[in-house]
Protein chains: 2
Amino acid sequence: MTLAYDTETHAAPPAIAEVMQRLGLKMSFAKDEEIFAQDEDADLVHLVVSGAVRTTRLLSDGRRQVGAFYYPGDLIGLETGPIHRFSAEAICDSVVLVVRRTALKAFAGDGQLDRAIWEATRRELERTQEHLLVLGRKTACEKVASFLMSLAQRERPEAAATRVSMPMSRQDMADYLGLTIETVSRTITQLQADGLIEVRCCRQLLLKRPRALAELCE
Amino acid sequence: MTLAYDTETHAAPPAIAEVMQRLGLKMSFAKDEEIFAQDEDADLVHLVVSGAVRTTRLLSDGRRQVGAFYYPGDLIGLETGPIHRFSAEAICDSVVLVVRRTALKAFAGDGQLDRAIWEATRRELERTQEHLLVLGRKTACEKVASFLMSLAQRERPEAAATRVSMPMSRQDMADYLGLTIETVSRTITQLQADGLIEVRCCRQLLLKRPRALAELCE
DNA sequence: CGAACTTTTGAACCCCTTCAACATCAGTGG
DNA sequence: CCACTGATGTTGAAGGGGTTCAAAAGTTCG
C-alpha cells in the first residue's frame with residue numbers, strides 16, 4: 001500500500017492518511033458490495049487499503065455513469081458535501097479504513113489539515129474536469145486510449161508503465177467512458193490489431209507503443 | 001447583481017464576495033475576449049459583475065469542451081490549482097471584479113473564509129459531476145432539456161422559471177453538451193414541435209411544460 | 001465437468017454527425 | 001430605405017460511429 005502524494009491519483013495527503021491509520025476502523029467489502037449509497041449522509045471518510053472501488057450514479061431507467069475508480073492509498077469522501085451524490089461499491093473484495101468526518105475535523109483545527117482537505121477536493125475536481133473532456137469530445141478509440149494511459153500513469157507515475165492490470169469489468173469501463181461493453185471490447189481488439197497494445201488476459205494488458213497511445217489522447 | 005448563496009449556481013459565498021468588492025479591480029471584456037488562458041498561472045480570482053463567461057478546454061485538433069457558464073454574482077478561479085486547466089472567455093461584453101489570490105489569502109486566516117473557499121470548490125465539483133452524467137449517459141434530447149432546466153433554475157431558484165434567456169451561442173451550447181450546433185438546433189425545434197417549449201427568438205425561450213422537461217432529465 | 005458469468009464477435013440498425021443550402025439578423029454604407 | 005455583407009441559426013439529405021440484438025467463445029468456481 002503506497003501513500004505517495006501524487007496529483008494524478010486520488011492519493012491521500014500524508015497528514016490525513018496518518019490520522020486515518022491512527023483512528024480508522026478496518027472494514028471489508030465483498031465484490032460489488034455497496035460501501036455507501038447515493039443520497040446517503042456523507043459522515044464517513046474512506047481510505048482504500050486493498051482492492052478497488054468505483055463511484056457510480058444512476059439515471060431512473062438504470063443507465064449508469066461511473067464517476068471514478070479508487071485504488072489502495074486513495075481517499076474517498078473528503079470532497080463530498082453533506083450528502084453523497086454518487087454511490088460507492090467495491091470492484092473486487094476490498095478493505096478500507098473508515099473514519100467519521102467529525103473525528104477528522106477535530107484534528108483539522110491546525111489549518112494544515114484544512115488545507116489538505118481543500119487540496120484533495122481540488123484534485124478531485126481537476127480529475128473530473130479531465131473526465132469531462134473525455135466524455136464530451138473524444139471518440140471511442142480516444143476514450144479507451146485515455147483510460148489505458150491514466151491506468152498506466154497510476155501504476156508508474158514517473159514514466160508510463162507498459163504493463164497494466166485492470167480490476168474492473170468491461171461494464172465498469174464502458175460506464176466510465178460513456179460507451180457500451182461491446183464498443184469497449186471491439187476497441188481493445190482494434191488497438192491490439194494495430195499493435196498498440198497486447199492483450200494477455202482480458203484484464204491484463206501490455207502497452208506496446210505507449211507513445212502512440214498517448215498521441216490518441218492529446 | 002444578486003449575491004445570494006445558492007448551491008445550484010457558482011454564486012460567491014458572502015464572505016468572499018465582500019472582500020472582492022472591497023479589493024477588486026473592475027475590468028471590462030469584449031465579447032469573445034479571453035479573461036485567462038489555459039495553462040496560465042492562476043493567481044487571480046474573478047467575480048462576474050455583468051455579462052456572462054464560459055470556461056473552455058481544447059483538444060489539439062480544435063475540438064472544444066465548455067466546462068461551465070458563469071453569470072453575475074458567480075466566482076471563477078477560487079477552485080483552481082496553481083495553473084488554469086481551462087481558459088475563460090467573455091460570452092458577451094462583460095465586467096468582472098479581479099483580485100489576487102494572495103490578497104484573498106491574506107484575509108483567509110480566520111478559517112471562516114478558508115471554509116468558504118472549500119465550499120466553493122466542493123460545489124464546483126458537484127456541478128462538474130452532474131455535468132459528467134449528462135455527457136456520459138444522456139441522449140441529445142435529454143442533454144438539451146437538462147441544460148434548459150439548469151438555466152431555468154438559475155434564474156428563479158425557488159421554482160423553475162418559465163422564461164429563459166441565453167447569452168451563449170448554439171456553438172457554446174453544443175460544446176457544453178458534447179453535440180454539434182445542428183443537433184442542438186434540431187433538438188430545440190423538436191422540443192417546440194412537441195409543445196414543451198416556445199422559441200421567442202433564438203436566445204429567448206419559454207418553458208411551456210417544465211414538468212415534462214424535468215422528466216426528460218431524471 | 002458443468003453452470004453462470006464475462007468477454008468477444010457478427011450483423012443490422014439508428015442516432016447523431018457531416019456536408020450543403022437556405023434563412024435570419026445586425027451592422028454598414030450608398 | 002434598401003442593398004450588401006458577414007455572422008449566426010435552421011433545415012435537408014446522406015453517411016458513419018456506436019448501439020442493439022444475438023450468439024459464440026472464454027473464464028471462474030462450485
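Below, each value reflects all heavy atoms present in this structure, side chains not excepted, and no hydrogens, waters or symmetry copies. In the text below, chain A, chain B and the rest are named by the order of the sequence lines, each starting its count at 1.
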A.B. asks: Minimum heavy-atom separation for A:Arg203 and A:Pro167, please, with both atom names.
C.D. replies: NH1-O, 2.8 Å
A.B. asks: Is there side-chain contact between A:Met166 and A:Leu205, with heavy atoms separated by less than 4.5 Å?
C.D. replies: yes
A.B. asks: Could you pull out all residues at least two apart from A:Asp43 that satisfy side chain to side chain contact (heavy atoms under 4.5 Å, CB included)?
C.D. replies: A:Arg100
A.B. asks: Listed by chain and number, what are the side-chain hydrogen bond (donor to acceptor under 3.5 Å, both in side chains) partners of B:Thr187, not counting sequence neighbours?
C.D. replies: none
A.B. asks: For chain A and DNA chain D, what are the first and last nucleotides along the strand, 5' to 3', with at least one atom under 4.0 angstrom from a heavy atom of the protein chain?
C.D. replies: D:dG18 to D:dC21
A.B. asks: Considering only residues two or more places apart or on different chains, which pairs with a residue in residues 46-71 of chain B satisfy salt bridge (Lys or Arg N to Asp or Glu O under 4.0 Å)?
C.D. replies: A:Glu130-B:Arg57, A:Glu142-B:Arg63, B:Asp32-B:Arg54, B:Arg54-B:Glu89, B:Arg54-B:Asp172, B:Asp61-B:Arg63, B:Arg64-B:Asp172, B:Arg64-B:Asp175
A.B. asks: Parallel, tilted or perpendicular: which describes the rings of A:His131 and A:Tyr176, with under 30° parallel and over 60° perpendicular?
C.D. replies: parallel
A.B. asks: If you look only at pairs with a residue in residues 208-218 of chain B, which of them pass as a salt bridge (Lys or Arg N to Asp or Glu O under 4.0 Å), with sequence neighbours excluded?
C.D. replies: B:Glu198-B:Lys208
A.B. asks: Side chains of A:Thr56 and A:Ser87: donor-acceptor distance under 3.5 Å anywhere?
C.D. replies: yes
A.B. asks: For each nucleotide in nucleotides 13-27 of chain C, reading 5' to 3', give B when a protein heavy atom comes within less than 4.0 Å of its base, S when such contact involves only the sugar-phosphate, and - otherwise.
C.D. replies: ---SBBB--------
A.B. asks: Decide salt bridge (charged side-chain N to carboxylate O under 4.0 Å, His left out) for B:Arg127 and B:Glu124; before the verdict, give the C-alpha distance in whole Å, the side-chain angles of both, and the deciding distance to 0.1 Å.
C.D. replies: CA-CA 5 Å; B:Arg127 279 187 302 274; B:Glu124 187 85 15; 2.8 Å; yes
A.B. asks: By nearest heavy atom, map A:Arg200 and B:Lys31 onto DNA chain D; which one lands nearer the 5' end?
C.D. replies: B:Lys31
A.B. asks: What residues in residues 165-176 of chain B put a non-hydrogen atom under 4.0 Å from any atom of DNA chain D?
C.D. replies: B:Ser169, B:Arg170
A.B. asks: Taking only residues two or more places apart in sequence or in another chain, which ones pass side chain to side chain contact (heavy atoms under 4.5 Å, CB included) with A:Asp194?
C.D. replies: A:Gln190, A:Leu196
A.B. asks: Under the side chain to side chain contact (heavy atoms under 4.5 Å, CB included) test, which residues partner B:Arg101, sequence neighbours left out?
C.D. replies: A:Trp118, B:Ala42, B:Val45, B:Thr80
A.B. asks: Taking ring-ring contact (aromatic ring centres under 6.0 Å, His included) as the definition, give me every residue that meets it alongside A:Tyr70, ordered by chain and number, with sequence neighbours left out.
C.D. replies: A:His10
A.B. asks: Where along residues 53-71 of chain A does a heavy atom come under 4.0 Å from DNA chain D, residue by residue in number order?
C.D. replies: none
A.B. asks: Which residues satisfy the ring-ring contact (aromatic ring centres under 6.0 Å, His included) test with B:Phe29, sequence neighbours excluded?
C.D. replies: none
A.B. asks: In whole angstrom, give the distance that lies between atom CD1 of A:Ile181 and atom C1' of C:dT9.
C.D. replies: 12 Å
